[in-house]
Undergrad: 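What follows is a single structure, and I will ask about it in a moment.
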Amino acid sequence: MKKYNVGIIGATGMVGQRFALLLEHHPWFTVTAVAASPRSAGKTYADAIEGRWAMTESVPDYIRDMVILDASDIQSVKEQVDFVFCAVDMKKDEIRALEDAYARAEVPVISNNSAHRGTPDVPMIVPEINPEHARIIESQRKRLGTKRGFVAVKSNCSLQSYVPAIHPLKERYKVNKVLACTYQAISGAGKTFERWPEMVDNVIPYIGGEEEKSEREPLKLWGHIEGDRIVNADDIDITSQCIRVPVSDGHTAAVFLSFGTEEKPSVDEIIEIWNSYRGRAQELELPSAPKQFLHYFSEPDRPQIKSERNLENGMAVSVGRLREDSQYDMKFVCMSHNTLRGAAGGAVLMAELLCAEGYL
């Protein structure tokens, strides 16, 4: 496999820090540029993140002395990279403008941001669910007038805690109704307990915009390409509640679903479907892909955050407590690592898929 030089835009934030760790020993990707806001530009990475490092692991040696570029200086970044990962903290219209500017400068953008998730010709890819959406990149390039440049985004981190388990059931049994209640870690807000003491011994029953994303974004993942756009799925209804809980990393979801077919699977059949499911990431044996995407736990008190969030380097999705429901057909619990599978790790995996499929 070809080696790629990559940049991290927004390198000093929590997701940018996670990118720095994930890419330290990556077999395909070498970080050759880091960029952030003007207040960090010109500093070494170590100086810029002093007092702000939020990871449990130490700052990687390879990046400590790299000088941070201004994220708006696209030409300087372009000269050093084949593509960039983007995780910036800006207003949505500013993010869209920045990512489009990189793409038009022929720098492909693998984005962790939400700004372009609703753009009809920007693919939002989970490699085990909708790898075929990468085909829309050609339409996006025509719109942008580019040969190499494009934007691809990962989905909201909370989706990774329940959509993966629904997906293989939807394919076979036409899941048509879902209630998902997510219990989300504070790192999803870019926080640690030291920076957010109000979250200790507390639950906040509101996360701005999260429920709308949880109900809308799966429809794009399950959508299909028509001409020059991705059309959202219209055969499933999703409602959600999203709650912030005092957990450092790891999103949990309580899921209730109903099937649209007269033939309904048994508990044992569903578990077999989950345990045997393989997506495109597993077929290609991508470096960051979990060998087994979905892991089912039969114990009544699993999955748990502390024991399961780092399963397969934090890239697997854990499922448990599957049983019949009195109002829906089935109910179960899911869990995934929100800054690995749900954020930076998911973006790295998507980049690996696009490299393997010839888009980068």
Side-chain angles (χ1 to χ4, degrees), residues 4 6-7 9-10 15 71 74 77-78 81-88 90-157 159-160 163 167 170 209 212-236 238 279-281 284 286 342-343 346-360:
Y4 296 83
V6 304
I9 312 300
V15 176
I74 296 172
V77 176
K78 176 182 177 178
V81 302
D82 296 308
F83 67 90
V84 297
F85 293 101
C86 188
V88 294
M90 299 163 60
K91 294 178 180 178
K92 283 192 177 182
D93 57 345
E94 295 173 343
I95 295 173
R96 278 193 291 269
L98 181 69
E99 292 181 343
D100 282 346
Y102 271 93
R104 286 195 168 97
E106 301 291 5
V107 181
V109 178
I110 308 301
S111 176
N112 191 78
N113 305 301
S114 65
H116 264 306
R117 290 179 192 157
T119 306
D121 61 5
V122 171
M124 182 172 66
I125 297 173
V126 177
E128 291 91 347
I129 293 176
N130 63 334
E132 71 280 1
H133 281 195
R135 290 189 289 109
I136 202 65
I137 288 171
E138 294 308 318
S139 295
Q140 186 191 149
R141 282 172 170 160
K142 289 179 182 177
R143 173 176 63 84
L144 295 173
T146 60
K147 294 181 178 179
R148 290 190 68 251
F150 66 88
V151 180
V153 298
K154 55 155 288 297
S155 66
N156 184 268
C157 55
L159 268 62
Q160 305 291 339
V163 169
H167 178 67
K170 185 179 186 297
E212 293 83 354
K213 295 173 187 175
S214 296
E215 294 169 359
R216 184 176 62 247
E217 290 186 17
L219 305 182
K220 183 169 184 177
L221 290 177
W222 287 320
H224 64 279
I225 296 175
E226 283 188 16
D228 60 357
R229 60 195 294 115
I230 297 169
V231 177
N232 287 0
D234 60 4
D235 59 348
I236 184 169
I238 303 173
R280 186 64 174 150
L284 292 170
L286 299 176
V348 171
L349 184 62
M350 177 172 60
E352 292 169 0
L353 173 76
L354 294 174
C355 286
E357 302 283 27
Y359 291 95
L360 285 169

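We count residues from 1, following the sequence as given.
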Undergrad: Flag the pair Asp228 / Asp121 as yes when at least one side-chain heavy-atom distance between them is below 4.5 Å, and no otherwise.
TA: no
Undergrad: Counting C-beta onward and ignoring hydrogens, is there a side-chain heavy-atom pair between Leu354 and Ile110 closer than 4.5 Å?
TA: yes
Undergrad: Out of Arg141, Arg135, Lys142, which residue meets the salt bridge (Lys or Arg N to Asp or Glu O under 4.0 Å) rule with Glu138?
TA: Arg141
Undergrad: Taking the basic N atoms (NZ, or NE/NH1/NH2) and the acidic carboxylate oxygens, is any pair closer than 4.0 Å for Asp235 and Lys170?
TA: yes
Undergrad: Just verifying a value: how many Å separate Glu352 CD and Leu284 CG, rounded to the nearest 0.5 Å?
TA: 10.0 Å
Undergrad: Any side-chain heavy-atom pair from Pro127 and Arg280 closer than 4.5 angstrom?
TA: no
Undergrad: Rounded to the nearest 0.5 Å, how far apart are OH of Tyr359 and CD1 of Ile137?
TA: 6.0 Å
Undergrad: Just by modelled atom types, is the Met350 backbone N or O under 3.5 Å from a matching donor or acceptor in the Lys154 side chain?
TA: no
Undergrad: Distance from Leu360 atom CG to Leu353 atom CG, nearest 0.5 Å?
TA: 9.5 Å
Undergrad: Under a 4.5 Å cut-off applied to non-hydrogen side-chain atoms, are Val88 and Glu94 in contact?
TA: no
Undergrad: Which heavy atom in Ala103 sits nearest to a heavy atom in Thr146, and how many Å separate them?
TA: O-CG2, 3.3 Å
Undergrad: In Å, rounded to the nearest 0.5 Å, how long is the span from NE2 of His224 to NE2 of His133?
TA: 8.5 Å
Undergrad: Can you confirm whether Tyr4 sits close enough to Cys355 that some side-chain heavy atom of one is under 4.5 Å from a side-chain heavy atom of the other?
TA: yes
Undergrad: Would you compute the distance between atom CG of Asn113 and atom NZ of Lys92 and round it to the nearest 0.5 angstrom?
TA: 10.0 Å
Undergrad: Do Trp222 and His167 have side chains that get closer than 4.5 Å, going by heavy atoms?
TA: yes
Undergrad: Which heavy atom of Tyr102 sits nearest a heavy atom of Val109, and at what distance?
TA: CB-CG2, 3.6 Å
Undergrad: Which heavy-atom pair separates Gly149 from Leu144 by the least distance, and what is that distance?
TA: O-CD1, 4.3 Å
Undergrad: State, to 0.1 Å, how close Gly227 and Ile136 come at their nearest heavy-atom pair, and which atoms those are.
TA: O-CD1, 4.1 Å
Undergrad: Could you grab the distance from atom CD1 of Ile225 to atom CD of Glu132, nearest 0.5 Å is fine?
TA: 7.0 Å
Undergrad: Answer whether the closest heavy-atom distance between the side chains of Glu106 and Lys147 falls below 4.5 Å.
TA: yes
Undergrad: Applying side chain to side chain contact (heavy atoms under 4.5 Å, CB included), run through Arg229 and Ser139 and close with a yes or a no.
TA: CA-CA 8 Å; Arg229 60 195 294 115; Ser139 295; over 6 Å; no
Undergrad: Run Val163 and Val126 through side chain to side chain contact (heavy atoms under 4.5 Å, CB included) and show every step you take.
TA: CA-CA 10 Å; Val163 169; Val126 177; over 6 Å; no
Undergrad: If you compare all heavy atoms of Val122 against all heavy atoms of Ala152, which two are closest, and at what distance to 0.1 Å?
TA: CG1-CA, 4.2 Å
Undergrad: Does the side chain to side chain contact (heavy atoms under 4.5 Å, CB included) test come out yes or no for Asn130 and Lys220, once each step is laid out?
TA: CA-CA 9 Å; Asn130 63 334; Lys220 183 169 184 177; over 6 Å; no
Undergrad: For the residue pair Glu99 and Ser111, confirm or rule out a side-chain donor-acceptor distance under 3.5 Å.
TA: yes
Undergrad: When you look at Arg117 and Asn156, which way does the side chain to side chain contact (heavy atoms under 4.5 Å, CB included) test go after all the steps?
TA: CA-CA 9 Å; Arg117 290 179 192 157; Asn156 184 268; 3.5 Å; yes
Undergrad: What heavy-atom pair brings Ala71 and Leu98 nearest, and what distance separates the two atoms?
TA: O-CD1, 3.7 Å
Undergrad: Does any non-hydrogen side-chain atom of Leu349 lie less than 4.5 Å from one of Glu128?
TA: yes
